[in-house]
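For reference, the structure discussed in these notes is given below.
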Amino acid sequence: MTDLHSVYLEYLVALTLKRTGIKAHSAEIASHIENVLKARHFTSPEREAEFVKNAWTIVETFTLVDQHKIDPIIKGVLSIVEIQNLLECSNNGEILITVSRASKSPFGQSWSLHLKPNINLFSSDTFVIDLRLQLELETPQSEIKIKKIEHEHFDIDQFLEKMEMYKLFHSKS
């Protein structure tokens, strides 16, 4: 992977997380997920103590977008533009987020999700990048950390050309 390729890929991920509202509203999303996990798994104080004592991890998948419909928690948090951007990054109208909730104090959530931004802005032809992201939050108030970026193979030269235009377009807004 070339250095420019890596830089543009990281820029694309950061911009996609910003444009879809995932970065700006990570605390609200994480808190909602935390409340759901607690309601499902910590049915008593003893269960929560057992979870911490045994250093368990809970893994659940949530639906952010299903058949082009936004999950109600996301709808109440994101702006209309962020919702539109999230829908545009969906995989045939679906975005799933797999959450791992570690028992480590004080919070510990990691998120795995696929987003598919189209970086070809000025043509009817699409250049969709299938991003598989691993994100982490240490606390509900902490910044999202990008832990891992994976993608399918694509023409790197074409990617660099498209990203140059994409970067120029978005740097003005």
Side-chain angles (χ1 to χ4, degrees), residues 1-30 32-33 59 61-71 73-75 77-102 107-173:
M1 202 174 346
T2 66
D3 287 339
L4 186 56
H5 173 258
S6 297
V7 168
Y8 274 165
L9 194 58
E10 289 176 19
Y11 174 79
L12 176 61
V13 169
L15 185 59
T16 301
L17 292 175
K18 179 182 175 186
R19 292 184 67 237
T20 58
I22 292 172
K23 179 177 177 165
H25 304 289
S26 62
E28 294 97 327
I29 297 167
H32 169 71
I33 289 169
V59 178
T61 300
F62 295 83
T63 304
L64 297 179
V65 178
D66 184 22
Q67 298 180 3
H68 301 285
K69 294 179 184 152
I70 300 290
D71 181 272
I73 184 61
I74 302 299
K75 191 182 289 184
V77 168
L78 302 181
S79 71
I80 291 172
V81 172
E82 291 167 335
I83 289 171
Q84 180 182 359
N85 291 335
L86 190 63
L87 289 170
E88 288 175 2
C89 290
S90 70
N91 180 17
N92 295 319
E94 181 177 88
I95 297 177
L96 302 175
I97 181 169
T98 301
V99 179
S100 298
R101 167 57 163 95
F107 188 68
Q109 280 186 16
S110 64
W111 299 351
S112 298
L113 70 151
H114 289 229
L115 297 174
K116 293 188 168 193
N118 176 14
I119 62 169
N120 196 2
L121 299 171
F122 306 107
S123 171
S124 61
D125 298 330
T126 60
F127 193 89
V128 175
I129 307 289
D130 181 2
L131 299 172
R132 292 177 301 281
L133 306 176
Q134 185 76 31
L135 309 171
E136 183 175 274
L137 287 101
E138 292 176 6
T139 69
Q141 296 77 26
S142 65
E143 286 275 323
I144 283 183
K145 292 180 184 172
I146 302 167
K147 290 299 196 179
K148 189 175 185 181
I149 303 169
E150 294 178 339
H151 59 82
E152 292 183 6
H153 178 72
F154 50 76
D155 182 327
I156 291 177
D157 292 330
Q158 189 178 12
F159 171 72
L160 296 176
E161 177 186 320
K162 301 286 185 200
M163 277 304 296
E164 189 61 37
M165 294 297 289
Y166 193 77
K167 179 187 78 149
L168 289 172
F169 178 79
H170 284 293
S171 67
K172 295 176 183 178
S173 55

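- The minimum heavy-atom distance linking Asp66 with Thr63 is given by the pair CB-CG2, 3.4 Å.
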Worksheet item: Can His25 and Val77 be said to form a side-chain contact (heavy atoms from CB on, under 4.5 Å), step by step?
Response: CA-CA 7 Å; His25 304 289; Val77 168; 3.3 Å; yes
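- Few gaps surround CG on Asp155; more than 12 heavy atoms of other groups in view lie less than 6.0 Å from it.
- Among all heavy-atom pairs drawn from Lys147 and Glu136, the shortest one is CE-OE2, 3.3 Å.
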What side-chain donor-acceptor pairs closer than 3.5 Å can you find for residues 7-17, not counting sequence neighbours?
{"unit_1": "Tyr8", "atom_1": "OH", "unit_2": "Glu164", "atom_2": "OE1", "d": "2.2"}
{"unit_1": "Thr16", "atom_1": "OG1", "unit_2": "Leu12", "atom_2": "O", "d": "2.7"}

Worksheet item: Please walk me through it: do Glu152 and Arg132 pass side-chain contact (heavy atoms from CB on, under 4.5 Å)?
Response: CA-CA 9 Å; Glu152 292 183 6; Arg132 292 177 301 281; 3.6 Å; yes
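- Taking the side chain as every heavy atom from C-beta outward, Leu135 and Leu113 approach each other to under 4.5 Å.
- Gln109 contributes a side-chain N or O that, together with a main-chain N or O of Ala30, makes up a donor-acceptor pair within less than 3.5 Å.
- Not counting sequence neighbours, Ser142 has no partner by the side chain to side chain donor-acceptor pair (under 3.5 Å) test.
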Practice prompt. Could you please spell out the steps behind the side-chain contact (heavy atoms from CB on, under 4.5 Å) verdict for Glu28 and His32?
Written response: CA-CA 6 Å; Glu28 294 97 327; His32 169 71; over 6 Å; no
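- For the residue pair Phe159 and Ile119, the shortest heavy atom distance occurs at CD1-CD1, 3.7 Å.
- For the atom pair CG (Leu115) and CD1 (Ile95), the distance works out to 5.0 Å, reported to the nearest 0.5 Å.
- His151 approaches Ile129 most closely through the heavy-atom pair CB-CG2, 4.4 Å.
- Checked by atom type, the side-chain pair Gln134/Ser112 shows a donor-acceptor distance below 3.5 Å.
- Residue Ile83 holds its CD1 atom at 8.0 Å from CG of Leu86, rounded to the nearest 0.5 Å.
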Worksheet item: Does the pair Val99 and Thr61 meet the rule for a side-chain contact (heavy atoms from CB on, under 4.5 Å), with working shown?
Response: CA-CA 6 Å; Val99 179; Thr61 300; over 6 Å; no
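- To the nearest 0.5 Å, the span separating OG on Ser110 from CD1 on Ile97 amounts to 9.5 Å.
- Note that CG of Leu64 is 11.0 Å distant from CG of Leu87, once rounded to the nearest 0.5 Å.
- Scanning both residues, His114 and Asp130, for their nearest heavy atoms gives ND1-OD1, 3.4 Å.
- Annotation: the span from Leu96 atom CG to Asn91 atom CG amounts to 9.0 Å, rounded to 0.5 Å.
- Side-chain contact between Glu143 and Glu138 is absent, with no heavy atoms from C-beta onward closer than 4.5 Å.
- Taken to the nearest 0.5 Å, the CE atom of Met163 stands 10.0 Å off from the CG atom of Leu168.
- Residues that satisfy the side chain to side chain donor-acceptor pair (under 3.5 Å) test with Asp71, not counting sequence neighbours, are absent from this structure.
- Side-chain contact check for Val59 versus Thr98: some heavy-atom pair is nearer than 4.5 Å.
- Residues Ile144 and Ile22 share a closest heavy-atom pair of CD1-O, 3.7 Å.
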